[in-house]
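Each remark here refers to the structure printed beneath this line.
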Amino acid sequence: MKKFFSLSLALFIALALFAEEKQPKKYSIQASGVDALSDFAYLFIDDDTATYAFNANFTFMYALTKEFAFGGGCEFYFENYLNSFKQDSNGRYDQDYDQYFSFLLRPEFFYFPFKNYLEGLYLSAYPKIGFSSVNYSEGFKGFFDIGLGSSIGFQHITKTGFTLNACMGAGRIWNLSSSSLASSTDFHLFGLPFDLYMDCSLGWSF
């Protein structure tokens with residue numbers, strides 16, 4: 001009888017351990033995998049070894065309740081690109097390179113309708129604020145950037161904390177200078193008055 005109770009207790013403990021629910025994660029830190037892949041692909045797309053780009057997007061989330069979260073992110077972009085390629089009077093080729101830099105801060109509000117903390121389907125809305133600049137042979141131009149956007153996504157967190165976040169959304173950024181107010185992009189998909197984007201981030205939640 002003692003063996004029976006001992007085996008039963010051991011079985012009960014084993015089942016309880018295996019059936020233990022995953023503890024909710026309230027913090028998450030992520031980096032965009034799409035941006036990392038684009039940086040890598042740039043090396044093979046352009047044959048000019050003097051041109052390069054670096055793009056990074058980091059996100060942080062904190063669960064306020066089961067359905068609401070607050071977070072933020074920062075976005076960096078730098079590109080050294082060929083602006084002109086011309087031949088001088090001596091037959092030598094002159095290459096002119098420009099540098100573009102952008103930095104944006106993004107406070108973001110998240111809503112998880114299924115009330116599962118940072119997991120599952122979510123909606124988000126955010127403003128953006130930052131600055132950008134263009135450094136070229138004729139001079140330098142700086143801009144103050146503001147923007148708005150929203151997204152819908154799905155976030156999966158494993159028991160170990162590994163996090164996969166896939167989302168898509170729409171938004172727009174305006175560049176303000178002393179003489180202009182213009183959209184940051186000259187082309188919008190389907191002629192829409194805003195930009196569409198997709199992203200996939202990897203990170204850690206705890």
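Please read these numbers as outputs of a predicted model, since none were measured by experiment.
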| field | Verdict with supporting geometry, H156 and T163, side-chain contact (heavy atoms from CB on, under 4.5 Å) | value | CA-CA 6 Å; H156 176 69; T163 303; over 6 Å; no

| message | One pair to check against side-chain contact (heavy atoms from CB on, under 4.5 Å): T59 and R106. What are the steps and the verdict? | response | CA-CA 9 Å; T59 301; R106 185 186 72 250; 2.8 Å; yes

Quick check for you: to the nearest 0.5 Å, what is the distance between [X] atom [atom1] and [Y] atom [atom2]?
{"X": "K25", "Y": "K159", "atom1": "NZ", "atom2": "NZ", "answer": "10.0 Å"}
{"X": "T65", "Y": "F112", "atom1": "OG1", "atom2": "CZ", "answer": "10.0 Å"}
{"X": "K66", "Y": "K26", "atom1": "NZ", "atom2": "NZ", "answer": "9.5 Å"}
{"X": "S132", "Y": "L176", "atom1": "OG", "atom2": "CG", "answer": "10.0 Å"}
{"X": "F70", "Y": "F60", "atom1": "CZ", "atom2": "CZ", "answer": "9.5 Å"}
{"X": "L202", "Y": "S32", "atom1": "CG", "atom2": "OG", "answer": "8.5 Å"}

Out of curiosity, does [Y] fall in the hydrophobic cluster containing [X] (side-chain heavy atoms, cut-off under 4.5 Å, transitive links)?
{"X": "I29", "Y": "F154", "result": "no"}
{"X": "I129", "Y": "L148", "result": "no"}
{"X": "W174", "Y": "F101", "result": "yes"}

Compare all side-chain heavy atoms of [X] with those of [Y] and state whether any distance is below 4.5 angstrom.
{"X": "M61", "Y": "N165", "result": "yes"}
{"X": "L121", "Y": "I152", "result": "yes"}
{"X": "E119", "Y": "Q155", "result": "no"}
{"X": "D98", "Y": "E79", "result": "no"}
{"X": "Y27", "Y": "L118", "result": "no"}
{"X": "L123", "Y": "S151", "result": "no"}
{"X": "L104", "Y": "C74", "result": "no"}

| message | Please evaluate residues S133 and F131 with respect to the criterion side-chain contact (heavy atoms from CB on, under 4.5 Å), reporting the C-alpha separation (whole Å), side-chain torsions for both, the decisive distance (0.1 Å), and the verdict. | response | CA-CA 7 Å; S133 65; F131 61 90; 5.8 Å; no

| Rest of the hydrophobic cluster containing Y197 (Ile/Leu/Val/Met/Phe/Trp/Tyr, side-chain heavy atoms under 4.5 Å)? |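 For the cluster that includes Y197, the remaining residues are Y126.
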
Side-chain donor-acceptor pair under 3.5 Å between [X] and [Y], yes or no?
{"X": "E75", "Y": "Y77", "answer": "no"}
{"X": "S205", "Y": "S28", "answer": "yes"}
{"X": "S124", "Y": "E108", "answer": "yes"}

| field | From CA spacing to verdict: side-chain contact (heavy atoms from CB on, under 4.5 Å), Y122, F110 | value | CA-CA 7 Å; Y122 68 84; F110 300 88; 3.8 Å; yes

| message | Let's go through Y100 and N135 carefully: what are the C-alpha distance in whole Å and the side-chain angles of both, what is the deciding distance for side chain to side chain donor-acceptor pair (under 3.5 Å) to 0.1 Å, and is it a yes or a no? | response | CA-CA 6 Å; Y100 174 79; N135 188 15; over 6 Å; no

| message | For F68, I'd like to know if atom CZ has over 12 heavy atoms of other residues, nucleotides or ligands within 6.0 Å. | response |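 Buried by this count: over 12 neighbours within 6.0 Å.
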
| From CA spacing to verdict: ring pair (Phe, Tyr, Trp, His ring centres under 6.0 Å), F78, F54 | CA-CA 5 Å; F78 178 82; F54 174 73; 8.8 Å; no

| message | Restricting to non-hydrogen atoms, name the atom on A170 and the atom on L196 that form the minimum distance, rounded to 0.1 Å. | response |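 Closest approach of A170 to L196, heavy atoms only: CB-CD2, 3.8 Å.
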
